[in-house]
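Here is how names work: the chains are called A, B, and so on, in the same order as the sequence lines, proteins then strands, and each is numbered from 1. Everything numeric in this text was worked out from a predicted model, so none of it was measured.
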Amino acid sequence: MSHLLGRTLRQAPAEAETASHKLLLRAGLVRQLAAGIYSYLPLGYRVVRKIERIMQEEMDAIGGQQVELPVLHPAELWKETGRWFDVGQEMVRLKDRADRDFVLGMTHEEVITDLARREVRSYRQLPFMAYQIQTKVRDEPRPRGGLVRLREFLMKDGYSFHADPQDLDAYYPLMYQAYLNIFSRSGLKVVPVEADPGMMGGTGSHEFVMLSPTGEDTFMLCQGCGYAANLERAEFVKPAPVLPPSDEPAELVATPGAKTIDDLVNLFGLPAGAMLKTVVYAEGERLVAAVIRGDLAVNEAKLARALHTAHFHLATDEELRAHGVYPGYVSPVGLEGVHILVDDSIREDTEYIAGANRPDAHLRHTRLGRDFQADEVADIAAAREGDPCPRCGGTLHAERGIEAGHTFKLGTKYSAAMGATYLGADGQERPIIMGCYGIGVDRLIASVVEQSHDERGIMWPKSIAPFQVQLVALGMDDAALAAYAENVYQELSAAGYEVLFDDRDDTPGVKFNDADLIGTPLRLTVSQRTMSAAQVELKPRTAKQFSLVPRGELVQRVAEALAAAP
RNA sequence: CGGGGUGUAGCGCAGUUGGUUAGCGCGCGUGGUUUGGGACCACGAGGCCGGCAGUUCGAGUCUGCCCACCCCGACCA
């Protein structure tokens with residue numbers, strides 16, 4: 001340890017805020033090079049390799065074949081699937097000396113699909129699953145949280161190829177279970193949740209989430225039935241109508257200055273659920289009016305799915321006026337030239353107070369189907385803390401979390417676009433059915449530290465700890481003691497244990513504190529005291545007390561203690 | 001990209017209304033004393049005060065522009 005690259009820090013650099021970021025820096029596992037770009041020092045890289053090993057074992061166990069794919073991709077490949085145009089500045093683009101466009105691999109669907117179309121001819125070659133554990137590059141708009149969100153990151157990506165959707169459906173649960181295995185073997189507690197496929201496309205996906213207040217995503221969980229979903233797609237039971245339907249015709253009411261739902265609540269003395277909220281978005285040249293109950297909020301991720309595009313924004317006042325729409329008094333009633341998208345919370349068996357599409361006035365007795373029509377009905381409402389669970393009617397709770405892994409059923413999105421086909425037994429050519437499965441290795445490490453630490457430092461699960469044992473030798477300037485410690489080190493190493501030997505000439509306090517900070521599962525201490533009694537002190541990182549073990553029983557006792565360690 | 005914050009030694013920080021040679025703690029080096037929970041004494045090394053341009057007799061300090069990093073948002077496998 002006296003020559004180990006990377007010293008421990010007493011104080012964390014000021015830029016680190018989260019526990020994992022501070023501890024990974026302090027314990028000497030990583031160092032930052034630039035925003036979202038880190039080097040792994042020897043201690044950190046050992047953890048990376050442990051996790052890679054677990055991933056390899058679990059992927060191989062379900063028939064995975066590891067490959068190594070290029071970092072530099074010709075733009076043509078990404079043009080074939082359209083992502084060259086769809087993905088924004090997040091993709092790092094560059095030119096070679098001949099002025100040809102290239103990108104740095106931010107993910108590898110294009111490359112693996114290209115490989116598949118070159119190699120696969122027949123259904124007889126299917127199914128198979130290939131995976132890689134490699135660096136990916138994304139110019140994130142905002143790297144954050146140390147290793148949680150990086151611009152250059154290590155990712156395990158798996159891609160499966162199937163003859164038909166049924167085969168993918170049959171394989172998917174194996175991958176799902178392998179993912180649970182990887183996380184539990186890495187000592188990380190995760191919750192699988194329904195997720196939004198986002199830019200990956202496809203027909204279904206799950207996220208594997210480590211719940212933590214430092215997480216950057218919000219998830220809705222039901223304790224009753226275990227329903228769990230990303231807020232971006234979480235469903236909930238929409239509230240029952242507030243007002244009985246009336247046969248009164250829509251009636252204009254003067255509402256000077258009342259521009260918000262709150263104003264209307266005060267003015268009419270009715271709950272917000274009786275109001276119609278109309279939020280107008282601009283999508284290119286056209287306007288979209290999102291109509292929703294006054295007590296609900298539009299979820300823009302759901303809206304994006306309903307509109308089949310993410311390229312929209314809240315309409316500005318200028319854009320509204322250009323279409324003759326009055327901010328604060330917008331209403332689907334009599335709204336011309338605007339696409340009307342109605343949330344399924346809006347029902348025909350009730351009436352609402354809506355805007356009048358003119359200043360300082362609203363309409364009451366407004367009814368869907370009579371006074372206004374929906375061009376489209378969809379679920380575009382954001383779930384909130386306390387909303388009823390869509391499965392069991394229980395109560396949904398909002399929790400923050402870190403997305404540690406994600407599995408997708410891709411279907412033919414890439415294979416069809418790129419012509420990755422096979423000949424079936426019937427002689428017909430069909431696109432290959434694909435799935436893809438990713439885990440962020442760096443983020444997994446950050447999540448484990450976030451979950452397993454105390455005020456003194458990291459508490460590594462033994463499966464991914466950089467070393468299994470930290471040997472603290474006190475009084476290394478004494479030759480006899482140095483020899484005693486060296487002997488312990490040699491014996492444990494020979495027995496197959498990974499031992500970090502703290503041979504530094506430092507005070508006990510320094511060494512104990514560093515051992516707690518680095519957080520190996522077991523700490524052994526040798527000193528004049530233990531040497532003269534022919535003992536070694538043994539303390540698990542998670543234990544409060546140490547025990548003294550006879551020198552002769554050391555290997556056996558280490559084995560026992562390690563078996564008992566988390 | 002919008003909002004906020006921070007840049008002074010490896011790390012954490014101080015630096016008065018602009019005024020000698022820019023400080024403190026930790027860490028680092030040498031010597032000595034220490035040795036079971038971040039020891040003590042002495043001596044020492046280490047700075048383009050983020051960068052550029054101004055204002056001024058004089059700038060770490062004032063002004064402008066830029067850069068980097070962090071946080072919130074937008075965005076995001």
Side-chain angles (χ1 to χ4, degrees), chain A residues 6-18 21-22 25-26 28 31-38 83 86-91 105-109 136-146 148-151 153-158 195-202 205-209 214 216-217 230 232 300-301 304 310-314 402-408 410 436-444 456-457 472-478 481 502 504-517 523 525-531 537 539 544 546 548:
Chain A
R7 49 188 306 108
T8 56
L9 308 175
R10 289 201 186 185
Q11 288 171 297
E15 69 263 16
E17 281 210 342
T18 61
H21 194 191
K22 287 180 184 169
L25 287 169
R26 285 225 292 137
R31 292 289 184 255
Q32 185 178 47
L33 181 62
I37 303 176
Y38 285 79
R83 286 159 114 192
D86 295 341
V87 179
Q89 290 181 297
E90 201 182 335
M91 182 153 68
M106 57 188 295
T107 178
H108 285 76
E109 283 76 23
K136 315 227 169 182
V137 179
R138 290 179 198 176
D139 192 1
E140 286 292 336
R142 185 152 93 82
R144 71 185 87 173
V148 170
R149 188 162 207 83
L150 298 170
R151 288 150 81 197
F153 57 101
L154 194 58
M155 187 160 172
K156 188 235 41 113
D157 239 344
D196 179 10
M199 81 167 195
M200 302 299 294
S205 80
H206 289 89
E207 282 175 329
F208 296 81
V209 177
T214 63
E216 50 181 355
D217 282 324
N230 192 305
E232 292 176 344
E300 294 190 358
H311 297 125
F312 59 81
H313 59 269
L314 263 181
I402 298 171
E403 175 194 350
H406 207 151
T407 56
F408 306 84
L410 289 177
C436 93
Y437 320 94
I439 297 179
V441 176
D442 322 86
R443 183 177 281 190
L444 173 56
R456 296 190 156 278
V472 174
L474 302 181
M476 279 295 287
D477 51 345
D478 179 77
L481 188 104
D502 189 349
R504 298 173 303 173
D505 185 19
D506 264 307
T507 59
V510 170
K511 295 185 161 206
F512 289 142
N513 278 294
D514 277 352
D516 289 341
L517 178 59
R523 186 189 80 195
T525 306
V526 296
S527 64
Q528 292 295 340
R529 195 191 293 171
T530 60
M531 179 172 68
E537 175 190 310
K539 179 184 171 299
K544 288 203 167 37
F546 61 79
L548 292 167

Scan [X] against the nucleic acid and name what it touches under 4.0 Å (heavy atoms): base, sugar-phosphate only, or nothing.
X: A:Asp157; result: nothing
X: A:Gly146; result: nothing
X: A:Arg456; result: base
X: A:Thr530; result: base
X: A:Gln32; result: sugar-phosphate
X: A:Gln528; result: nothing

**Report entry** A:Glu300 and A:Glu232, any side-chain heavy atoms less than 4.5 Å apart
**Finding:** no
Quote, to the nearest angstrom, the [atom1] distance that separates [N] from [M].
N: B:rU16; M: B:rU6; atom1: P; answer: 15 Å
N: B:rG60; M: B:rC48; atom1: C1'; answer: 12 Å
N: B:rG15; M: B:rC72; atom1: C1'; answer: 31 Å
N: B:rA45; M: B:rA39; atom1: P; answer: 25 Å
N: B:rG23; M: B:rC57; atom1: P; answer: 27 Å
N: B:rC62; M: B:rC69; atom1: C1'; answer: 25 Å
N: B:rC26; M: B:rC65; atom1: C1'; answer: 37 Å
N: B:rG25; M: B:rG38; atom1: C1'; answer: 14 Å

Letter by letter from the 5' end, nucleotides 2-12 of chain B scores (B base, S sugar-phosphate only, - none; protein heavy atoms under 4.0 Å) ---------BS
With rounding to the nearest 0.5 Å, note down the distance linking [atom1] in [X] to [atom2] in [Y].
X: A:Arg138; Y: A:Leu150; atom1: CZ; atom2: CG; result: 11.0 Å
X: A:Gln32; Y: A:Glu15; atom1: CD; atom2: CD; result: 5.5 Å
X: A:Met155; Y: A:His406; atom1: CE; atom2: NE2; result: 9.5 Å
X: A:Leu517; Y: A:Arg456; atom1: CG; atom2: CZ; result: 10.5 Å
X: A:Asp502; Y: A:Asp514; atom1: CG; atom2: CG; result: 7.0 Å

Distance in angstrom units between [X] [atom1] and [N] [atom2], rounded:
X: A:Arg504; N: B:rU35; atom1: CZ; atom2: C1'; answer: 14 Å
X: A:Arg144; N: B:rC69; atom1: CZ; atom2: C1'; answer: 15 Å
X: A:Leu481; N: B:rU34; atom1: CG; atom2: C1'; answer: 16 Å
X: A:Phe408; N: B:rA77; atom1: CZ; atom2: P; answer: 7 Å
X: A:Met531; N: B:rU35; atom1: CE; atom2: P; answer: 15 Å
X: A:Leu25; N: B:rC70; atom1: CG; atom2: P; answer: 11 Å
X: A:Arg529; N: B:rU35; atom1: CZ; atom2: P; answer: 12 Å
X: A:His108; N: B:rA77; atom1: NE2; atom2: C1'; answer: 13 Å

A:Phe312 meets the ring pair (Phe, Tyr, Trp, His ring centres under 6.0 Å) criterion, sequence neighbours left out, with A:Tyr281
Taken in chain and number order and not counting sequence neighbours, the residues that satisfy ring pair (Phe, Tyr, Trp, His ring centres under 6.0 Å) with A:Tyr437 are none
Whichever of A:Arg151 and A:Phe546 has the more 5' nearest nucleotide on RNA chain B, that residue is A:Phe546
Taking for A:Gly145 and for A:Val148 the nucleotide of RNA chain B with the nearest heavy atom, the one nearer the 5' end belongs to A:Gly145
Regarding A:Arg83 and A:Glu109, does a basic nitrogen lie under 4.0 Å from an acidic carboxylate oxygen? yes
>> I'd like to know if A:Glu537 pairs up with A:Arg523 as an ion pair, taking the criterion as any Lys NZ or Arg NE/NH1/NH2 lying under 4.0 Å from an Asp or Glu carboxylate oxygen.
In response: yes
From C-beta outward on [X], which listed nucleotide comes closest to its side chain: [options]?
X: A:Glu17; options: B:rC70, B:rG36, B:rG38; result: B:rC70
X: A:Glu300; options: B:rC75, B:rG38, B:rG36; result: B:rC75
X: A:Ala35; options: B:rC70, B:rA77, B:rC28; result: B:rC70

Minimal heavy-atom distance between A:Arg31 and A:Arg7, with the atoms involved, is NH2-O, 2.9 Å
Inset, instruction - State whether the distance check finds a donor on one side and an acceptor on the other, under 3.5 Å, for side chain A:Asp506 versus base B:rG38. - result: no
Review item, nucleotides 39-49 of chain B N/O atoms under 3.5 Å of protein N/O:
{"from": "B:rA39", "atom 1": "OP2", "to": "A:Thr507", "atom 2": "OG1", "distance (Å)": "3.2"}

- Query: Taking only N and O in the side chain of A:Gln89, is any of them less than 4.0 Å away from OP1 or OP2 of B:rC1?
  - Reply: no
| Does A:Arg443 make a side-chain N or O approach to OP1 or OP2 of B:rA77 shorter than 4.0 Å? | no
Assert yes or no for the condition that the ring centre distance of A:Phe208 to A:His206 is strictly below 6.0 Å.
no
*asked:* What verdict does the salt bridge (Lys or Arg N to Asp or Glu O under 4.0 Å) test give for A:Arg144 and A:Glu17, after you've listed the backbone C-alpha separation in whole Å, the side-chain angles of each residue and the deciding distance to 0.1 Å?
replied: CA-CA 10 Å; A:Arg144 71 185 87 173; A:Glu17 281 210 342; over 6 Å; no
Under the rule of Watson-Crick or G-U wobble with both distances under 3.5 Å, where | means paired to another strand and [ ] a crossing pair, RNA chain B maps to (((((((..((((.....[...)))).((((((.....)))))).....(((((..]....))))))))))))....
Those residues at least two apart in sequence (or on a different chain) that pass side-chain contact (heavy atoms from CB on, under 4.5 Å) with A:Arg151 are A:Ala35, A:Ile37, A:Asp139, A:Glu140, A:Pro143
